[in-house]
Amino acid sequence: MAGLKQVQRQTGVALWRQIADRIREGISAGAYDETGMVPPETVLALQFGVNRHTVRSALAALAQEGIVRAVQGRGTLIERKERLNFPITRRTRFTAGIGDQAREMRSLLLDETEEEASAEVARWLGLKQGEQVIRLETLRHADRRPVSKATSWFPAARFTGIGEAYRKHESITKAFAELGLSDYVRATTEVTAAHAGTSDLADLGLTPGAILLIAKAMNTDLDGMPVQYSISRFAADRVQFTIES
């Protein structure tokens, strides 16, 4: 249990959420590997300087995420679910990246909109602000478990019909191919972490306080012309990134 960060009061973040984060970090770091159990509520309450009800709320949130499970007469068991390893390479592809780590993969198109490019989207795609882009909202599952949700923008002049192509193939790569782009490469990836917002909590099956790994990425064609800007949100307890040169 040593090394877990203490909770901070008067930060605007609920104590139970902070405790859930600390326990989640401890599980990821192997803090409880010797027992396979989270310490008793009384021990955690003493450790974090809170009452048992606050600890119980934190454990309930983690149980809802599938990270822990209460076992009658034993305590709180850590559910051993290996993270999927997602490689970030020059040719990053979701399906190929997950490979044989999952028996079944699905990609769903949640929404499609044609809109004017914001300043940020225009900068990433090398367009003028206000030019037309197509925005896709997608959700990816591995073995029926939601893994990532992404918002992607494409130059509308070049990729008219990409939403329908994605719905048909459940793949950006195959949708690009149908529209005449046979190959593309990853030019830039920026990774940050943040708490999941309301919409992502619902779609990814998470509870308040869950952490997301957020990857902002730009793909280009082989001539270096931007073809896709995306913001992908991954459930941090389900996926880890490997950066490959």
Side-chain angles (χ1 to χ4, degrees), residues 20-21 24-25 27-30 36 61-69 77-112 135-152 154 162-178 184-186 189-217 219 228-244:
D21 285 349
R24 190 188 290 108
E25 290 170 7
I27 291 171
S28 296
L62 294 174
Q64 230 179 314
E65 291 181 42
I67 295 175
V68 301
R69 174 168 54 90
L77 179 70
I78 297 169
E79 292 279 35
R80 294 297 178 185
K81 293 182 178 177
E82 295 296 325
R83 283 188 176 95
L84 295 168
N85 183 56
F86 186 70
I88 296 177
T89 68
R90 189 167 182 265
R91 283 182 169 80
T92 298
R93 310 287 191 265
F94 182 83
T95 302
I98 298 301
D100 59 4
Q101 298 175 76
R103 294 181 299 276
E104 177 187 357
M105 282 181 281
R106 289 295 311 277
S107 295
L108 306 176
L109 178 62
L110 303 179
D111 189 37
E112 175 188 6
R135 174 172 54 83
L136 302 185
E137 300 283 348
T138 58
L139 182 66
R140 286 164 169 154
H141 291 75
D143 291 335
R144 302 186 180 181
R145 193 180 188 203
V147 172
S148 72
K149 183 181 176 183
T151 306
S152 299
F154 309 84
I162 194 166
E164 184 56 38
Y166 183 89
R167 185 180 286 108
K168 178 167 55 175
H169 298 292
E170 298 188 7
S171 163
I172 293 293
T173 301
K174 291 179 180 179
F176 273 150
E178 180 173 313
Y184 62 100
V185 294
R186 175 63 56 88
T189 304
E190 297 177 1
V191 179
T192 57
H195 284 105
T198 303
S199 176
D200 291 336
L201 287 174
D203 288 329
L204 291 172
L206 303 172
T207 54
I211 303 296
L212 298 178
L213 296 176
I214 302 172
K216 286 188 176 182
N219 290 321
Q228 177 190 9
Y229 166 51
S230 63
I231 303 175
S232 300
R233 286 87 74 197
F234 295 80
D237 66 304
R238 300 172 190 170
V239 173
Q240 66 182 19
F241 293 153
T242 301
I243 309 299
E244 299 179 0

Taking the cut-offs as 6.0 angstrom to the six-membered ring centre and 45 degrees off its axis, would you call Arg93 and Tyr184 a cation-pi pair? yes
From NZ (Lys174) to NZ (Lys168), nearest 0.5 Å: 11.5 Å
Out of curiosity, Asn219 CG to Ile172 CD1, how far, rounded to the nearest 0.5 Å? 9.0 Å
The criterion is side chain to side chain donor-acceptor pair (under 3.5 Å); which residues satisfy it with Arg140, sequence neighbours excluded? none
Taking the side chain as every heavy atom from C-beta outward, state whether Thr189 and Ile243 have any pair of such atoms under 4.5 Å apart. no
What residues form a salt bridge (Lys or Arg N to Asp or Glu O under 4.0 Å) with Glu104, not counting sequence neighbours? Arg144
Nearest heavy-atom approach of Ala193 to Ile211 is CB-CG2, 4.3 Å
Show your reasoning for whether side chain to side chain contact (heavy atoms under 4.5 Å, CB included) applies to Leu139 and Leu204. CA-CA 8 Å; Leu139 182 66; Leu204 291 172; 3.8 Å; yes
Just jot down the side chain to side chain donor-acceptor pair (under 3.5 Å) partners of Gln64, sequence neighbours excluded, or say none. none
Straight-line distance of Ile231 CD1 to Glu137 CD, nearest 0.5 Å: 9.5 Å
Nearest non-hydrogen partners of Leu109 and Gly163, listed with the distance: CD2-O, 3.5 Å
Please evaluate residues Met105 and Val147 with respect to the criterion side chain to side chain contact (heavy atoms under 4.5 Å, CB included), reporting the C-alpha separation (whole Å), side-chain torsions for both, the decisive distance (0.1 Å), and the verdict. CA-CA 10 Å; Met105 282 181 281; Val147 172; over 6 Å; no
State, to 0.1 Å, how close Ser107 and Tyr166 come at their nearest heavy-atom pair, and which atoms those are. CB-OH, 3.1 Å
Nearest 0.5 Å, please: how far is CG in Leu77 from CZ in Arg69? 5.0 Å
First locate atom OG1 of Thr151, then atom CG of Leu110, and finally report the distance between them rounded to the nearest 0.5 Å. 9.0 Å
For Leu62 and Ala20, work out which heavy atoms get closest and say how close. CD2-O, 3.8 Å
Would you say that Asp111 contacts Arg135 through its side chain, given a criterion of any heavy-atom pair below 4.5 Å between the two side chains? yes
Can you tell me how far the OG atom of Ser148 sits from the CD1 atom of Ile98, to the nearest 0.5 Å? 8.0 Å
Thr92 versus Pro87, closest heavy-atom pair with distance: CG2-O, 3.9 Å
Please, which pairs that meet salt bridge (Lys or Arg N to Asp or Glu O under 4.0 Å) have at least one residue in residues 204-216, sequence neighbours excluded? Glu120-Lys216
With sequence neighbours left out, what residues match Phe154 under ring pair (Phe, Tyr, Trp, His ring centres under 6.0 Å)? Phe176
With a 4.5 Å heavy-atom cut-off, do Pro146 and Arg238 have their side chains touching? yes
Are any side-chain N or O atoms of Ser171 and backbone N or O atoms of Thr173, one a donor and one an acceptor, separated by less than 3.5 Å? yes
Heavy-atom closest pair (Glu112 atom, Glu164 atom, distance to 0.1 Å) is OE1-N, 4.3 Å
What residues form a salt bridge (Lys or Arg N to Asp or Glu O under 4.0 Å) with Asp200, not counting sequence neighbours? Lys149, Arg233
For Leu136 and Gln228, what are the C-alpha separation, side-chain angles and deciding distance, and is it a side chain to side chain contact (heavy atoms under 4.5 Å, CB included)? CA-CA 11 Å; Leu136 302 185; Gln228 177 190 9; over 6 Å; no
